[in-house]
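A short worksheet on the structure shown next.
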Amino acid sequence: MRAGGRKTGLTAGSPRSTDDLDRLAMAVLQPGFEGTAPPGWLCRALAEGLGGVVLFARNIADPAQTAALTAALRADNPEVIVAVDEEGGTVTRLEAGSGSSWPGNLALGVADDVRLTERVARQIGRLVAASGITLDYAPVVDVNADPLNPVIGIRSFGADPEAVSRHAVAWIKGLQGSGVAACAKHFPGHGATRSDSHLELPTVEAPREVLDLRDLPPFRAAIAAGVQAIMCGHLLVPALDEVPATLSRAVLTGLLRDELGFDGVLVTDAIEMRAVAALHEPGEIAVRALAAGADAVCVGRSSPGGESVYELRDAIVGAAREGRLSEERLVEAAGRVRRLARWHEARARVRAAAAPDADEGLGDAVAAAALRMAGAAARPVLSAAPLVVQISARLSQAVDPSAGGRRPGLAAAIAELLPGTERAEIGEGDGLPDLGTAAGRPVVLAVHDAVRHGWMRRLIAEAVRARPDAVVVETGVPGPPAGAVYLATHGDSAASMRAAARRLTDDASAS
């Protein structure tokens, strides 16, 4: 091993030196970093036992660079857990610039064929595995019980617990069949909230009986399917505890471990999210989460020189020395992280023996199966290049704005089929472009989650009054139909945009 990689006795009950505790504390951290190559501080931390790293769009340029990056990380710690958020659909890191080739969970739920869900997840797994990544923070298994939910929405398979459970199992089977560990999230269920945990602490106001029937079944199913990891959500669930789930022993140990029987890696959501960051300093969040039963602490952002990571290490070691965090709990957490790394290593043979890709066109076909249209009297809907008015709200931080700008979207997909398509983008507080100047040109209104935004619905109504023939394409959670034609894609992946464009133009390749 490299300098700082000395093996030490880390078994439960053995006396532990400061070096032992330092390594244990480093083993349970999963920080992010800046750049497309590992900075010097990260290489040193890996050699000193850092157990995980999480990649974001800012770290990824192309498949070859990503594979080289993960190889460089493993040069300093062969057992490092390299994690990424690659859900398909709206949340993608590996295809952040272009949009995902794979429809997201809601589209899969609407298509409602678990065989297709498993095949899509297997292809996502092959993409992730080719980049040398260990752990995919997916699938989202939250039941989207509230259509006004600002952060789950199309990331969920739907609002029916039984359907979400079926598709969650299929997704986990497909991903882990490719040799990549799955991570079901966000325990104990983020689907019935109206606030975003990136910005504030959401509360799930439901009695335990409702949680048992609505939110917990997909997690039970995921555990039964052998999911390797679960991510807890920064959620306040008064029926379970008076502190956020991330910091609650009753939720993480009492419910998830003891009652549901989960023995895999339990990882926190990013601890800089305001839901918990507004309550405690980072080191205190890490200590309390570990004491509650978490095994890995996700940190999306680190200081330029890595000082913040070492501060977390020192906080964990200090808590262990003070008795606020038992050394045995730290040993247990580090052991689970190490076990996941070995699971991934053992799956190398699975990845090497993977059959050639026989699913060309699968993403577009599944996206087409998820389309639902109202009001189309004839095909094609568009016979000339349209003006596409993109009515956009601020992206959730889960989508990873570090990707840099918005993805090409529906206008680009239509322009591939109808050259001359024009695009205008407006946001909250903006007025519509002069639709009268588009006389003779079709108008398409591309919206996302209009059901959640009164200002967006008002603009749609104004546009439809000016142009009764306007086509409305909803790429988020659908609401009441509007416009001469209303097309719900149930997602905004690149695959969903291509499928929508083909359906509107009646392209010969449409499914």
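Keep in mind that what you see is a predicted model, and the values were worked out from it rather than measured. When reading the values below, keep in mind they use all heavy atoms of this one structure, side chains included, and skip hydrogens, waters and symmetry mates.
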Side-chain donor-acceptor pair present, His167, Asp112, cut-off under 3.5 Å: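 Yes, side-chain donor-acceptor contact under 3.5 Å.
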
Strictly by modelled atom types, are Ser156 and Asp142 linked by a side-chain donor-acceptor pair under 3.5 Å? no

Report the residue from Val477, Val143, Asn144 that forms a side chain to side chain contact (heavy atoms under 4.5 Å, CB included) with Ile152. Asn144

As a test of understanding, state which of Val84, Ile81, Val265, Val128 forms a side chain to side chain contact (heavy atoms under 4.5 Å, CB included) with Leu135.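 In the set Val84, Ile81, Val265, Val128, the residue that makes a side chain to side chain contact (heavy atoms under 4.5 Å, CB included) with Leu135 is Ile81.
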
Shortest non-hydrogen separation from [X] to [Y] and the atoms involved:
X      : Y      : answer
Leu69  : Asn59  : CD2-O, 3.7 Å
His344 : Gly179 : CD2-O, 3.5 Å
Ile391 : Met456 : CG2-CG, 3.5 Å
Tyr486 : Gly479 : OH-N, 3.2 Å
Pro38  : Leu73  : CB-CD2, 3.9 Å
Ala500 : Leu487 : CB-CD2, 3.8 Å

Contacts of [X] that satisfy side-chain hydrogen bond (donor to acceptor under 3.5 Å, both in side chains) - sequence neighbours left out:
X      : answer
Thr489 : none
Glu272 : none
Glu474 : none

Taking 4.0 angstrom as the limit, do Lys185 and Asp85 come out as a salt bridge?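 Answer for the salt bridge query: yes.
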
So that I can tick it off, tell me whether Glu162 and Arg166 are bridged by a salt bridge, with the cut-off set at under 4.0 angstrom between side-chain N and carboxylate O. yes

Are Arg502 and Asp364 close enough, and set up right, to give a side chain to side chain contact (heavy atoms under 4.5 Å, CB included), and what steps lead you there? CA-CA 10 Å; Arg502 289 169 178 165; Asp364 286 7; 3.1 Å; yes

Using side chain to side chain contact (heavy atoms under 4.5 Å, CB included), reason through Val447 and Leu459 one step at a time and then give a plain yes or no. CA-CA 10 Å; Val447 302; Leu459 285 175; over 6 Å; no

Determine the interplanar angle of the Trp455 and His453 rings, folded into 0 to 90°, and report it as parallel if under 30°, tilted if 30 to 60°, perpendicular if over 60°. tilted

May I ask you to decide if [Y]'s main-chain N or O and [X]'s side chain share a donor-acceptor pair within less than 3.5 Å?
X      : Y      : value
Thr92  : Gly88  : no
Ser302 : Gly32  : yes
Asp269 : Gly233 : no

For [X], which residues count as a side-chain contact (heavy atoms from CB on, under 4.5 Å) partner, sequence neighbours excluded?
X      : result
Pro188 : Leu216, Leu235, Val237, Leu240, Ala245, Val251
Pro433 : Val389, Ala424, Ile426, Leu435
Arg274 : Ala277, Ala278

With the side chain counted from C-beta on, respond yes when [X] and [Y] share a heavy-atom pair under 4.5 Å apart, and no when they do not.
X      : Y      : result
Arg452 : Leu148 : yes
Val91  : Tyr137 : no
Arg214 : Val204 : yes

Show your working on side chain to side chain contact (heavy atoms under 4.5 Å, CB included) between Phe33 and Leu55 and close with a plain yes or no. CA-CA 8 Å; Phe33 63 96; Leu55 303 183; 3.8 Å; yes

Go through the steps to decide whether Leu410 and Thr475 satisfy the test side chain to side chain contact (heavy atoms under 4.5 Å, CB included), and finish with yes or no. CA-CA 9 Å; Leu410 181 63; Thr475 65; 5.7 Å; no

